Participant: 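Okay, handing you the structure first.
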Amino acid sequence: MRRNTISDIRKMKEAGEPIAMLTVYDYASALIAERAGLPILLVGDSLGMVMHGHDTTLPVRVRDMIAHARMVMQGSRKALVVVDMPFLSYGTVEEALRNARRLMQEGGGQALKLEGGAEIAPIVRRLTEMGVPVMGHLGLTPQSQHQLGLRVQARDEAAARKLLADARALQEAGAFAVVLEVIPQELAELVSRELSIPTIGIGAGLGCDGQVQVWHDLLGLFEHKPPRHARRYAEIGAEMEKAVRHYAVDVAARRFPTAAQSASMTPEVLEKIEKDLKDDLKG
């Protein structure tokens, strides 16, 4: 079985086939997503919040992304695996090349995702020239949340024009796809028509070529209300808590383990051991 490539993803756009992408962070989640048939898996720097407990993505380091990328690569066989480059890991072309090499050689991912528009186009161009597939990310870019705020982006004319120009700049620099996060659906649809590369929306409406969601939001792993752009397809967190609570009650009541979860020895062996212990005490 061969992995999906960026060529396969481009063909999905050309055929009008919607692209489902999902963030995954470890071996188990990659196994499940792989069985579900998702064509792209994203090792997102959102792991800083959902896996490491930070308030933002900013504390995530290159070594964190490498560790989680390794787990995802172990759990997947078919999906194209994209890995986020974390905050300030691509401030210069030289830094981007150095960290891209580490992420791909040590982490094993097939492509990298960078946040930003025209300002990072020279970095995207250099990475793609060196054979690194790059996915862009525009709109609400979490690594810039202290500047942008957590709100819908590109609503006014000037901001919308800039986002469209940024998307074109990323495409011209060689990006194979671009994530559009929390922007008006009308603008996302326009960008998707204008670009020859796929757009992947998150909070950007149905007009994108594909969609991406966060694993924990999709499955309801946390109690807090999910973002507006997310739909919970299950309440796995509540079910997990119920199971763990049931286990703890059974242990306290000595209902677990039962014979079914235990091994036995023959009475003759046990008798001999007990006799030897008694003889030892006498001696």
Side-chain angles (χ1 to χ4, degrees), residues 6 9-23 38-40 42 44-46 56-57 80 82 84-85 87 90 111-125 127-128 133-214 217-218 225-232:
I6 60 174
I9 304 306
R10 287 197 187 105
K11 288 176 182 175
M12 292 181 73
K13 177 181 174 89
E14 292 166 4
E17 183 181 351
I19 304 161
M21 182 165 81
L22 183 62
T23 63
L38 275 80
I40 312 181
L42 172 64
D45 59 359
S46 48
T56 70
T57 64
L80 173 73
V82 182
D84 267 335
M85 292 196 75
F87 180 61
Y90 48 100
L112 302 177
K113 181 166 76 64
L114 283 66
E115 295 183 6
E119 72 278 3
I120 68 162
I123 294 171
V124 173
R125 181 172 292 107
L127 287 172
T128 56
V134 174
M135 177 180 283
H137 187 152
L138 296 171
L140 177 58
T141 47
Q143 292 176 14
S144 302
Q145 70 176 63
H146 292 320
Q147 290 179 316
L148 300 176
L150 297 176
R151 60 179 183 272
V152 178
Q153 302 296 307
R155 269 184 160 155
D156 63 70
E157 181 181 347
R161 287 183 182 276
K162 182 181 184 308
L163 187 139
L164 180 56
D166 284 339
R168 286 171 172 160
L170 291 173
Q171 176 174 270
E172 291 168 6
F176 75 90
V178 60
V179 170
L180 301 175
E181 182 167 357
V182 191
I183 66 172
Q185 58 184 344
E186 298 85 357
L187 177 60
E189 185 174 353
L190 174 61
V191 173
S192 302
R193 289 200 309 266
E194 289 294 312
L195 296 185
S196 62
I197 61 175
T199 60
I200 309 293
I202 176 168
L206 276 173
C208 297
D209 300 303
Q211 301 294 326
V212 62
Q213 287 290 294
V214 172
D217 293 339
L218 193 80
K225 183 179 178 182
R228 178 181 175 180
H229 60 70
R231 176 188 291 178
R232 284 192 170 177

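Here the structure is a predicted model, which means the values were calculated and not measured.
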Participant: So how far is it from L170 CG to I197 CD1, rounded to the nearest 0.5 Å?
Facilitator: 7.0 Å
Participant: If every non-hydrogen atom of I9 is compared with every non-hydrogen atom of P198, which pair is closest and at what distance?
Facilitator: O-CG, 3.9 Å
Participant: When you check the gap from the basic side-chain N to the acidic O, do R161 and E157 get nearer than 4.0 Å?
Facilitator: yes
Participant: Which heavy atom in V82 sits nearest to a heavy atom in L112, and how many Å separate them?
Facilitator: CG1-C, 4.0 Å
Participant: Contact between V179 and M135 at the side-chain level, heavy atoms closer than 4.5 Å - yes or no?
Facilitator: yes
Participant: Determine the minimum heavy-atom distance between L163 and A154, stating which atoms define it.
Facilitator: CD1-CB, 4.0 Å
Participant: Could you measure the distance from the CG atom of L187 to the CG atom of L180? Nearest 0.5 Å is fine.
Facilitator: 7.5 Å
Participant: Which atom pair, heavy atoms only, marks the closest approach of P39 to A20?
Facilitator: CD-O, 3.2 Å
Participant: With rounding to the nearest 0.5 Å, note down the distance linking CG in L190 to CD in Q185.
Facilitator: 13.0 Å
Participant: What is the distance from atom CD of E172 to atom CG of L195, rounded to the nearest 0.5 Å?
Facilitator: 9.5 Å
Participant: Is the closest side-chain heavy-atom distance between S196 and Q171 below 4.5 Å?
Facilitator: yes
Participant: Walk me through it: do T141 and E181 pass the test side chain to side chain donor-acceptor pair (under 3.5 Å)?
Facilitator: CA-CA 7 Å; T141 47; E181 182 167 357; over 6 Å; no
Participant: Looking at K113 and L42, what are the two nearest heavy atoms and their distance?
Facilitator: CE-CD2, 3.7 Å
Participant: Locate the shortest heavy-atom distance separating Q213 from H229; write the atom from each residue and the value.
Facilitator: NE2-O, 3.4 Å
Participant: Indicate yes or no for a side-chain donor-acceptor contact from D166 to the backbone of G117 under 3.5 Å, with no hydrogens or angles considered.
Facilitator: no
Participant: Mind checking whether Y90 and E115 have side chains closer than 4.5 Å, heavy atoms only?
Facilitator: yes
Participant: Would you give the length of the straight line joining atom CD1 of I40 to atom CE of M21, rounded to the nearest 0.5 angstrom?
Facilitator: 6.0 Å
Participant: Distance check, rounded to the nearest 0.5 Å: I120 atom CD1 versus M85 atom CE?
Facilitator: 10.0 Å
Participant: Please confirm whether the backbone N or O of L138 pairs with a side-chain atom of Q153, one donor and one acceptor, at under 3.5 Å?
Facilitator: no
Participant: Within the 4.5 Å heavy-atom criterion, are V124 and T128 side-chain neighbours or not?
Facilitator: yes
Participant: Any donor-acceptor pair under 3.5 Å linking the side chain of D209 with the backbone of T199?
Facilitator: yes
Participant: Walk me through whether I200 and V178 qualify under side chain to side chain contact (heavy atoms under 4.5 Å, CB included).
Facilitator: CA-CA 6 Å; I200 309 293; V178 60; over 6 Å; no
Participant: So, do L218 and R231 sit near enough that their side-chain heavy atoms are less than 4.5 Å apart?
Facilitator: no
